[in-house]
Each structure stands twice: as structure tokens, then as C-alpha cells.
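Keep in mind that this is a model prediction, so the values were computed, not measured.
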Amino acid sequence: MGGAPPQKGSSAVNIAYFLLPKNSVAYLYDDYTFRQGLEKMRYHGYTAIPVITREGQYAGTVSEGDFLWRLLAEEESTQHPLSMKDLEGLRIRDILNRDAYPPVRITVTMEELVNSAMQQNFIPVVDDLGNFTGIVTRKDIIRYFSKQTDAAEPQLLRKIV
């Protein structure tokens with residue numbers, strides 16, 4: 001986390017305070033193979049991971065469930081168990097759930113950020129051109145609110161919840 005804390009009593013957020021920048025985030029490229037994606041998720045121990053294009057655009061988020069459901073669908077269609085070698089032609093973009101983990105813009109309000117955090121473990125952040133800039137984790141938002149001594153912002157959280 002970096003930057004100045006968000007202004008108390010304001011719905012505008014300096015998202016830089018919460019932002020884990022792209023260079024500190026594990027992500028997948030949409031042209032990675034099924035195997036490369038699984039291996040990277042396993043290495044980092046994540047259950048979901050952002051996916052970007054080679055141009056840096058946020059493409060969506062892929063989860064363990066996306067891998068599992070695709071594997072089961074492939075096995076059903078071939079009528080036999082598959083090996084990782086059988087999946088070499090399958091790319092991350094082929095299993096990507098584009099509707100999961102919708103991104104927010106850098107100019108997001110605190111209310112929008114909290115609403116997103118209630119639905120997902122992390123919130124992908126994009127700039128005005130859709131370029132992936134990093135993530136905000138639910139953990140960091142909760143940590144911020146837990147440190148607040150001002151009653152105004154915890155009431156905001158209660159109002160949203």
C-alpha cells in the first residue's frame with residue numbers, strides 16, 4: 001500500500017493508497033496455455049488470478065473452478081480422461097470468465113470499491129484505456145476500516161453492508 005490515506009468523509013478515494021501495482025501482482029497472459037496457467041496459480045497458491053493481454057489490457061480473471069469445469073467439459077467431449085499434453089492447444093483466453101471480477105477505474109468512489117470487495121477477494125484496477133494497473137485486495141480495505149477511529153467511515157461500511 002502506498003500514497004496518502006483516503007480523505008475522511010469523502011466518497012472520493014485516492015486508490016493509490018490501496019493499490020498493489022501490476023509489477024507486484026501475479027497475473028497470466030491470455031495466450032498462456034492451460035498448463036502454464038495452472039502451474040502459475042499453483043506456484044502462487046491463488047484460487048483466482050487476473051488475466052491480461054500482451055498489450056496490457058485487462059481481459060478478465062480466471063479461477064480454479066474455470067480450469068476444473070473446462071477440464072471436465074473437455075473430458076466429456078472426448079469420452080476419455082485427458083492428460084496435460086492433451087490440453088496443450090487450450091489457451092487461458094479459451095477458459096476465461098470475462099464477467100467475473102469486473103475491474104474498477106482509478107477514479108472509483110469508496111462506496112463502489114467496498115461494494116466490489118463484498119463480491120470478490122480482489123478488485124482489478126484499470127486506467128481510462130482499460131490497461132491493467134494492479135489490484136486492490138479485500139484484506140487491505142478491511143484493514144483500512146479496522147484502523148479508523150473516526151465514526152463516519154465505519155458507518156459508511158455498515159450502511160453498505
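Heavy-atom minimum distance, Arg105 versus Gly130: NH1-N, 4.1 Å. The two residues Ile123 and Pro102 make their nearest non-hydrogen contact at CG2-O, 4.4 Å. Smallest separation of non-hydrogen atoms from Val126 and Pro103: CG1-CB, 3.9 Å. The minimum heavy-atom distance linking Ala26 with Lys40 is given by the pair CB-CE, 4.5 Å. Between Gln119 and Asn115, the closest heavy-atom pair is CG-O, 3.5 Å.
In this structure, Lys139 is not positioned above the aromatic face of Phe122 in the sense of NZ or CZ being under 6.0 Å from the six-membered ring centre and within 45° of the axis.
Using bins of under 30°, 30° to 60° and over 60° for the plane-to-plane angle, the ring pair Tyr17/Tyr144 lands in the perpendicular bin.
In this structure, the side chain of Thr133 engages the main chain of Val125 through a donor-acceptor pair within 3.5 Å. For Arg70 (side chain) and Asp94 (main-chain N/O), a donor-acceptor pair under 3.5 Å exists by modelled atom type.
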Trace of the side chain to side chain contact (heavy atoms under 4.5 Å, CB included) decision for Tyr27 with Tyr58: CA-CA 10 Å; Tyr27 55 86; Tyr58 175 70; over 6 Å; no
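Under the rule for a salt bridge (charged side-chain N to carboxylate O under 4.0 Å, His left out), Arg138 has no partner lying at least two apart in sequence or in another chain.
Side-chain rings of Tyr32 and Phe34 stay apart, their centers remaining 6.0 Å or farther from each other.
Under the 4.5 Å side-chain heavy-atom criterion for Ile, Leu, Val, Met, Phe, Trp and Tyr, Met118 and Ile141 are members of the same hydrophobic cluster.
Asp31 pairs with exactly one of Arg91, Arg54, Gln36 by the side chain to side chain donor-acceptor pair (under 3.5 Å) rule, that one being Arg54.
For Arg42, the CZ atom counts as loosely surrounded, since its 6.0 Å shell holds 12 or fewer non-hydrogen atoms of other residues, nucleotides or ligands.
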